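Below: one structure, written as structure tokens.
Everything numeric here is computed off the predicted structure, so don't read it as measured data. Atom set for the values below is all heavy atoms of this structure, side chains included, hydrogens, waters and symmetry mates excluded. Each chain gets a letter, A, B and so on, in the order its sequence line appears, and its residues count up from 1.
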Amino acid sequence: MEEVRVRFAPSPTGSLHIGGARTALFNWLFARKYNGIFVLRLEDTDLLRSTEESSQGIVDGLQWLGLDWDEGPDKGGTFGPYRQSERLPIYNKYLDKLIADGKAYYCFCTSEELQQEKEAARNQKRDYKYSRRCRDLSAREVEERLQQGFRPVIRIKAPDSGTTVVHDLIRGDVEFHNALLDDFIIAKSDGWPTYNFAVVVDDASMKITHVIRAEEHLSNTPKQLLIYEALGLNPPKFAHASMILAPDRSKLSKRHGATSVQEFRDEGYLPEALLNYLALLGWSSGEDRDLWTLNELIPEFSLDGISRSPAIYDIEKLTWMNGHYLGNISSERLLNLIKDQDQMQKYLSEYPREYLLQVLDLVGSRVKTLNEIPAAMQYFCEDVESYDTKGVAKHFTKANVLDILNTVIDIVEKAPQFEASVIEDLLRQQAEVMQLKAAELIHPTRLALSGRTNTPGLFEVMEVLGREKCLQRLKKAVAYIESQE
RNA sequence: GGCCCCUUGGUCAAGCGGUUAAGACACCGCCCUUUCACGGCGGUAACGGGGGUUCGAGUCCCCCAGGGGUCACCA
């Protein structure tokens, strides 16, 4: 079998959109599954919008996700260059061939003239199609105008009858009427190719075998097929996945919150969670299963698992997945992931790494995003300055609360080893002696130590906090309660 | 507006002519439990509408409606 070669060809817009990320993921999985080649190509012929930073945003996003490419702008490869802005000579070669073959022609119509044609069409309520005014200019006329310094565009000669069929691997055969096509522009007056022409030349010259992309490109495909034909080239196979929509069913945009992978990263999501979530958005293995690692997806991935209907993304499920992954990673890695947050910088400078790792061990598994971690760590790293109001009402107002806290103080002082299991045993025994439920000791203690009503398991918290801090906070709580009376 | 694609619970989605129409997230109960989270158990909730074809239709065909995409010297 012919080697599989797929590509991800984004235009550099500064960041990697999650729709693009999913397209990249599907291509990557397909390449890996068939031991093929995944190429990254930057479609930066729109000189105005393309900058070095904007391509870096794409590259960063892919790298963060862990989707590596085999050929690309930074890596090179046998079919480079991999940014369109460096491929002008290649486009020109194909353009010249088309002109020479009489399959495309120079068009000198000005945008004003075109504007008039469009208006006329609108007035007559018919669809606009270029009038083909320049289609039959003689060689001499063309030469003259070129001499005069006119900068023409190049248009392809489109058929006006018949149909073009896209054999889509996901949707089956999709038929388009050629009569709807016009002699569309394939090269701009500045000499650069337009999108439809550039993709074709690039995909063909890079020997792409499967074009896996989003549905927005389906309607463009007949045009591309026309170009393949004019060029005498074999088209690749096409697979058009549906789009990712916002919760209100409209196209995803800024107003819907995070839409780029870097935004998700900044909001505390893990790459494996985002990847897992994206894989399930518009694709299904058919298996009853939600959690997948990248590597597990490779053998399972298949084009016919891609769905035809658009998928609305649901941040709740992503968040759930993120929580799942967060609960399973090592505290070493956790610390590494959050070490650049301001709050963490501070903690890192004040506490030994070992201590923070212990704290993360307790806290990491009950949080949904990375960004919630500093707040969850707070009472481990800062003094308790206030107590949860409801908690006070509930646990600090009982008649015997001072007794209880003093008893706990006693335990803390006397525990032979300051370990969770030891403390727990002592406390439970003591509760029995006092004929109280353990919970009656636990709640006020938790509030005294953390200022909160909910924390990780109290005895683990105590162990990590250490004897001294526990004592100090317990005494502080006693003083607080006494001052309230 | 023309053309194209799509339509199973709120969301993702299984299903590929015969099922009590899976599962996950979210939501609601209950259990576990020192709180929270986790986990376990259970529950609410769906085939857009109308015609066909067929013994039988979520599954096939047609129409309608709705949603999305596309029609640039953007990609």
Side-chain angles (χ1 to χ4, degrees), chain A residues 9-13 43-46 48-50 84 107 109-111 114 118 122 125-129 151-155 166 168 170-172 174-177 179-182 184-196 198-199 214-223 240 242-243 245 247 249-251 277 280-291 304 307-321 323-324 327 363 365-368 376 391 395 424 427-428 431 437-443 445-447 450 452-459 461:
Chain A
S11 55
T13 50
E43 310 227 322
D44 59 351
T45 49
D46 183 358
L48 291 178
R49 291 201 305 205
S50 301
Q84 292 188 329
C107 168
C109 293
T110 63
S111 45
L114 262 18
K118 284 178 193 174
R122 194 173 331 122
K125 291 200 164 76
R126 31 162 262 262
D127 288 332
Y128 165 74
K129 278 178 72 172
R151 314 282 316 270
V153 299
I154 298 176
R155 314 185 85 114
V166 177
D168 191 275
I170 296 172
R171 287 154 210 280
V174 183
E175 207 176 274
F176 295 86
H177 298 282
L180 267 10
L181 260 30
D182 72 347
F184 58 90
I185 294 170
I186 56 177
K188 302 180 252 181
S189 55
D190 63 6
W192 286 90
T194 56
Y195 167 72
N196 284 122
V199 240
E215 190 187 342
E216 50 187 318
H217 294 288
L218 183 54
S219 302
N220 280 322
T221 312
K223 289 185 185 175
H240 293 275
S242 55
M243 316 223 6
L245 266 29
R249 303 197 66 86
S250 69
K251 202 169 177 175
Y277 180 69
L280 264 37
L281 245 202
W283 173 82
S284 165
S285 66
E287 213 178 308
D288 178 16
R289 176 173 173 189
D290 292 289
L291 270 4
D304 33 65
S307 89
R308 284 170 289 276
S309 52
I312 295 171
Y313 96 103
D314 175 25
I315 189 95
E316 302 260 21
K317 187 156 183 176
L318 203 213
T319 304
W320 165 76
M321 267 185 193
H324 167 82
V363 144
S365 62
R366 41 194 94 215
V367 116
K368 302 257 191 226
H395 307 300
E424 177 164 12
L427 187 139
R428 285 188 190 280
K437 284 193 288 189
E440 293 178 83
L441 306 201
I442 289 170
H443 291 301
T445 304
R446 166 179 291 115
L447 186 59
S450 68
R452 305 183 184 190
T453 54
N454 59 299
T455 69
L458 179 66
F459 307 109
V461 169

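- Looking at heavy-atom distances under 4.0 Å, A:Arg308 makes contact with sugar-phosphate atoms alone, never a base.
- The side chain of A:Lys118 approaches B:C73 more closely than any other nucleotide in the set B:C73, B:A75, B:C3.
- Below the 3.5 angstrom threshold, one finds a donor paired with an acceptor across the side chain of A:Arg366 and the base of B:C36.
- Distance check on atom P: B:C71 versus B:A57 gives 42 Å, rounded to whole Å.
- Residue A:Lys223 has no polar side-chain atom (N or O) positioned under 4.0 Å from OP1 or OP2 of B:C3.
- Regarding contacts with the backbone of B:U34, a side-chain N or O of A:Arg428 is found under 4.0 angstrom from either OP1 or OP2.
- Between B:A75 and A:Thr45, a contact under 4.0 Å exists linking OP1 or OP2 to a side-chain N or O.
- As judged by a 4.0 angstrom heavy-atom cut-off over every strand, A:Asn220 is placed among the base-contacting residues.
- Taking the C1' atoms as reference points, B:U8 lies 14 Å from B:U19, given to the whole Å.
- The residue A:Ser284 sits close only to the backbone: its heavy atoms come under 4.0 Å of sugar-phosphate atoms, none of a base.
- Summary of the strand contacts: A:Glu215 and A:Ala311 both lie near RNA chain B, and taking for each the nucleotide with the nearest heavy atom, the more 5' one is attributed to A:Glu215.
- Every side chain to side chain contact (heavy atoms under 4.5 Å, CB included) that A:Leu458 has, sequence neighbours left out, goes to A:Ile442, A:Thr445, A:Arg446, A:Leu449, A:Met462.
- Picking from B:A75, B:C5, B:U7 the nucleotide with the shortest atom distance to the side chain of A:Leu218 gives B:C5.
- When each of B:A26, B:U34, B:G2 is scored by its nearest atom to the side-chain atoms of A:Trp320, the top-ranked nucleotide is B:A26.
- Contacts of A:Glu440 with the nucleic acid, taken as non-hydrogen atoms under 4.0 Å apart, are absent.
- Atom CE of A:Met321 is separated from atom C1' of B:A26 by 14 Å (rounded to the nearest Å).
- Comparing B:C4, B:C73, B:A75 against the side chain of A:Ile185 picks out B:C73 as the nearest.
- Across all strands shown, A:Ser307 has heavy atoms under 4.0 Å from sugar-phosphate atoms exclusively, and none from any base.
- Contact annotation: A:Lys188 side-chain N/O to B:C74 OP1/OP2 distance is under 4.0 Å.
- Across all strands, A:Lys251 comes closer than 4.0 Å only to sugar-phosphate atoms, never to a base (heavy-atom distances).
- Within 4.0 Å of A:Leu180, counting heavy atoms only, lie sugar-phosphate atoms of the nucleic acid but no base atom.
- Looking at heavy-atom distances under 4.0 Å, A:Cys107 makes no contact with the nucleic acid at all.
- To the nearest whole angstrom, the two P atoms, one in B:U7 and one in B:C25, are 25 Å apart.
- No engagement by A:Pro10 is indicated, since no non-hydrogen atom pair under 4.0 Å with the nucleic acid exists.
- Closest to the side chain of A:Asp290, from the set B:C73, B:A13, B:G23, is B:G23.
- No engagement by A:Gly391 is indicated, since no non-hydrogen atom pair under 4.0 Å with the nucleic acid exists.
- You'll find that the side chain of A:Met243 is closest to B:G68, out of B:G68, B:A13, B:U11.
- For A:Asn454, the side-chain atoms get nearest to B:U35 when compared with the rest of B:U35, B:G69, B:U34.
- Listed candidates were B:C4, B:C38, B:A75. Nearest to the side chain of A:His177 is B:C4.
- We find that OH of A:Tyr313 is positioned 19 Å from C1' of B:A13, with the value rounded to whole Å.
- Across all strands shown, A:Val174 has heavy atoms under 4.0 Å from sugar-phosphate atoms exclusively, and none from any base.
- Within the 4.0 angstrom heavy-atom criterion, only backbone atoms of the sugar-phosphate kind lie near A:Ser309; the bases stay farther away.
- For A:Thr194, whose side chain is taken as the heavy atoms from C-beta onward, the closest listed nucleotide among B:C74, B:C36, B:C12 is B:C74.
- Looking at heavy-atom distances under 4.0 Å, A:Arg155 makes no contact with the nucleic acid at all.
- When distances are taken from the side chain of A:Pro310 to each of B:U34, B:C73, B:C6, the shortest belongs to B:C6.
- Going from atom CD of A:Glu424 over to atom P of B:U33 covers 12 Å, rounded to whole Å.
- Each of A:Lys317 and A:Ser365 has a nearest nucleotide on RNA chain B; the 5'-most of these lies closest to A:Lys317.
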